[in-house]
Peer 1: 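One structure coming up, written as structure tokens, with questions to follow.
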Amino acid sequence: MWQHLRDRAKALADRPIRDLMDADRARDFSVEAMDMLFDYSKTNIDAETRDLLLSMAEKAELPACREAMFAGRPINETEGRAVLHTALRNLDGDPVAVAGQDVMPDVLATLSRMEDFARDVREGRFTGQGGSITDVVNIGIGGSDLGPAMAAQALSPHADGPRCHFVSNVDGAHVSDVLAPLDPATTLVIVASKTFTTTETMTNAETARAWMASEVADPAAQFAALSTASDRTAEFGIDGARVFGFADWVGGRYSMWGPIGLSLMIAVGPDDFRELLRGAAEMDAHFREAAMRDNMPVMLALVGIWHNQGCGYATRAVLPYEQRLARLPAYLQQLEMESNGKRVAMDGSELSVHSGPVVWGEPGTNGQHAFYQLIHQGTRVVPCEFMVGCRGHEPDLAHQHRLLVANCLAQSEALLRGRDLAQAKESLDGRFEGAELERQARHRVFPGNRPSTTLVYSRLTPRVLGQIVALYEHRVFVEGVILGINSFDQWGVELGKELAKALDPVLAGDAEAGDKDASTARLVGWLRAGAG
């Protein structure tokens, strides 16, 4: 299967994508759903290649695997867990069973509790010891930070509640810089850790409690917790009414739809938070119901498989032409690289192909003045995933939005078209002659024939953001199924955590380097000496 895909990619490697651009291609090689259009016509995928990719999905039993996920079966096989972040946006409450038990009553009850608390904070019924809450600080890391932080920035035009801030890094500079301008007496701190033991999160939570204690009599009264460890939250002093738990079938990087999204709900309000959930649920329904060729998550995933495992392109650039989606590439880094950055299949055997690609990016147009040089003229091909809205939130600045859209479309067109040597010479307009003309022109050649996709949406609303994030979640799932891996565990983060815990007393001078390699031992020595 994989060899067939690689052979086809090799055979088509030099074919100009432009040669495929007949009058019908843009329509035939795109998918429309809800408020979005996904265009993959600027890739070297033709009808035969698409059929090959679709057959790979069929052979991997994608439809059956998809239904197993939505049905609550334990598809996270290494941990024996269901994967049901989709249940968190199942607002209709249709039954979803895990081990024979319908989980929806608890899901909806928790959502209702979140909404009540959010309204109390927003409307001044829950106050700090100095008055109404003006600021909310979410302390978490990984999925407990990236999701709500990304979404809070994306939905800032809808934010009419207290200001939201996010602390994740154990570097004391992060928590210090966030807390410094805030008033402890009017700040709510939300600690997001399922086990309430995450080292970085709990270290920052203790720092925040000490900061608050310097100004208020009962700091724990201005804390809430997103955790299932009720004993530990109680020990911390947080009233159980402000503790919101979630089940082990919600993975961290898929968790912003539930209690991890509490800070976002407080910022934008329960109604807009429900709109976010509705958008995601609409994408869930599309993913389950649409034929594979007309299925946006499936086709987004198959394009990714073609570029990475077929063509051998090791990275993909996510390029939102939407400043408020500035954190989306970082969010997708975790979603995709923690999910599909694996080296063994479900049965423990080594993969015969590379797994997930490196995901990176920045919003346009900033990236154009940074790394687009490499994308256009570098020696490596980087598939680009553009996204842009039809409209912005600033009607008085419509001319700037047109310029933004023009840049987005121009970049994908430039990647497709390129500029050959003759065109480069012509662009120099007689300024050089002979060998110098040749030399100067060669610096202005664009190879072109570089693939890109474009996702167009109406406007970045809570509903559309829900659709976009769910689209990428399901893309990760489809790629994982075709690769035959478990996209829902993350054992790769464990070893470094264990070694860091062992190194802490060594750095403190309470233990010797002992079994450390020569490099680590010398670095420890330098750091201990430098710390005084």
Peer 1: Main chain of Ser355, side chain of Lys342: is a donor-acceptor contact present, judged purely on distance under 3.5 Å?
Peer 2: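 Not a single qualifying donor-acceptor pair exists.
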Peer 1: Establish, yes or no, whether the cationic atom of Arg209 lies under 6.0 Å from the six-membered ring centre of Phe236 and within 45° of the ring axis.
Peer 2: yes
Peer 1: Between Thr201 and Ser193, do the side chains contain an N or O donor and an N or O acceptor separated by less than 3.5 Å?
Peer 2: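 Thr201 vs Ser193: no donor-acceptor pair found between side chains.
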Peer 1: Other residues, nucleotides and ligands only: do more than 12 of their heavy atoms fall within 6.0 Å of CZ on Arg125?
Peer 2: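 Enclosed: over 12 neighbouring heavy atoms sit under 6.0 Å from CZ of Arg125.
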Peer 1: Give me the atom names and distance for the closest heavy-atom approach of Phe386 to Ser452.
Peer 2: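 In this case the closest contact between Phe386 and Ser452 is CE1-CB, 3.6 Å.
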Peer 1: Please give me the minimum heavy-atom distance between Leu277 and Trp257, naming the atom from each residue.
Peer 2: CD2-O, 3.5 Å
Peer 1: Spell out, as yes or no, whether a donor-acceptor pair under 3.5 Å connects the side chain of Thr134 to the backbone of Thr186.
Peer 2: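 Pair found, side chain donor or acceptor close to backbone of Thr186.
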Peer 1: Using side-chain contact (heavy atoms from CB on, under 4.5 Å) as the criterion, point out the one residue from Leu325, Leu332, Leu455 that pairs with Val318.
Peer 2: Leu332
Peer 1: Donor-acceptor pair, distance only, cut-off 3.5 Å: does the side chain of Ser255 make one with the backbone of Gly252?
Peer 2: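 Present.
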Peer 1: Backbone N or O of Ala326 within a donor-acceptor pair of the Glu362 side chain at under 3.5 Å?
Peer 2: no
Peer 1: Is there a side-chain contact (heavy atoms from CB on, under 4.5 Å) between Met202 and Arg232? Walk through the geometry before answering.
Peer 2: CA-CA 11 Å; Met202 298 316 300; Arg232 293 191 177 97; over 6 Å; no
Peer 1: Under a 3.5 Å threshold, yes or no: a donor from one side chain and an acceptor from the other, between Arg253 and Ser339?
Peer 2: yes
Peer 1: Do the side chain of His174 and the main chain of Val167 share a donor and acceptor less than 3.5 angstrom apart?
Peer 2: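 Pair absent, no side-chain N/O of His174 close to backbone of Val167.
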Peer 1: Consider only side-chain N and O atoms of Asp489 and Thr78, and report whether a donor and an acceptor are under 3.5 Å apart.
Peer 2: yes
Peer 1: Would one find more than 12 heavy atoms of other residues, nucleotides or ligands at under 6.0 Å from atom CD of Glu206?
Peer 2: yes
Peer 1: Say whether, by atom type as modelled, one donor and one acceptor occur between the side chain of Gln222 and the main chain of Pro184 under 3.5 angstrom.
Peer 2: yes
Peer 1: What do you reckon, is CD of Glu350 surrounded by more than 12 foreign heavy atoms closer than 6.0 Å?
Peer 2: no
Peer 1: Does some side-chain heavy atom of Leu523 sit less than 4.5 Å from a side-chain heavy atom of Lys516?
Peer 2: no
Peer 1: Is there a donor-acceptor contact under 3.5 Å from the side chain of Asn138 to the main chain of Ser144?
Peer 2: yes
Peer 1: In sequence, state the C-alpha distance, the side-chain angles, and the governing distance for Trp360 and Val382, and then conclude on side-chain contact (heavy atoms from CB on, under 4.5 Å).
Peer 2: CA-CA 10 Å; Trp360 59 287; Val382 179; 3.7 Å; yes
Peer 1: Quick one: does Asn90's side chain have a donor or acceptor within less than 3.5 Å of a partner on Ala281's backbone?
Peer 2: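 The answer is no, because no donor-acceptor pair under 3.5 Å joins these two groups.
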Peer 1: For the backbone of Trp211 and the side chain of Ser214, can you confirm whether one donor and one acceptor N or O come within less than 3.5 Å of each other?
Peer 2: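 Flag set: sc Ser214 to bb Trp211 pair under 3.5 Å.
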Peer 1: Return the CG to CG distance between Leu188 and Leu262, rounded to the nearest 0.5 Å.
Peer 2: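 Answer for the CG-CG pair, Leu188 versus Leu262, is 7.5 Å.
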Peer 1: What distance separates Asn308 CG from Glu479 CD, expressed to the nearest 0.5 Å?
Peer 2: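 So the gap between those two atoms works out to 7.5 Å.
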Peer 1: Examine distances only and state if a side-chain atom of Arg113 and a backbone atom of Val243 form a donor-acceptor pair shorter than 3.5 Å.
Peer 2: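 Yes: the side chain of Arg113 pairs with the backbone of Val243.
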Peer 1: How far does CD of Glu385 sit from CG of Leu319, to the nearest 0.5 angstrom?
Peer 2: 8.5 Å
Peer 1: Take atom CD of Glu67 as the centre, draw a 6.0 Å sphere, and report whether it contains more than 12 heavy atoms from other residues, nucleotides or ligands.
Peer 2: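 It does: Glu67 CD has more than 12 such atoms within range.
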Peer 1: Would you give the length of the straight line joining atom OG1 of Thr228 to atom CZ of Phe196, rounded to the nearest 0.5 angstrom?
Peer 2: 10.5 Å
Peer 1: Quick one: do Arg122 and Asp160 make a salt bridge, cutoff under 4.0 Å?
Peer 2: yes
Peer 1: Which value, rounded to the nearest 0.5 Å, describes the distance between Phe126 atom CZ and Asp116 atom CG?
Peer 2: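 Taking CZ in Phe126 and CG in Asp116, the distance rounds to 14.0 Å.
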Peer 1: What's the separation between atom CD in Glu322 and atom CD in Gln153, rounded to the nearest 0.5 Å?
Peer 2: 10.5 Å
Peer 1: Indicate yes or no: at least one non-hydrogen side-chain atom of Thr86 is less than 4.5 angstrom from one of Phe70.
Peer 2: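 Side-chain contact under 4.5 Å: yes.
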Peer 1: Is there a side-chain contact between Glu338 and Val476, using heavy atoms and a 4.5 Å cut-off?
Peer 2: no
Peer 1: On a heavy-atom basis, which atom in Pro297 and which in Met283 lie closest, and how many Å separate them?
Peer 2: CG-SD, 3.9 Å
Peer 1: Check whether NZ of the Lys or CZ of the Arg Arg66 lies under 6.0 Å from the centre of the six-membered ring of Phe287 and within 45 degrees of that ring's axis.
Peer 2: yes
Peer 1: Can you tell me if CD on Gln3 sees more than 12 non-hydrogen neighbours from other groups inside 6.0 Å?
Peer 2: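 Correct, the count exceeds 12.
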Peer 1: Minimum heavy-atom separation for Ala221 and Gln129, please, with both atom names.
Peer 2: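 Nearest pair, atom of Ala221 first, then Gln129: CB-NE2, 4.0 Å.
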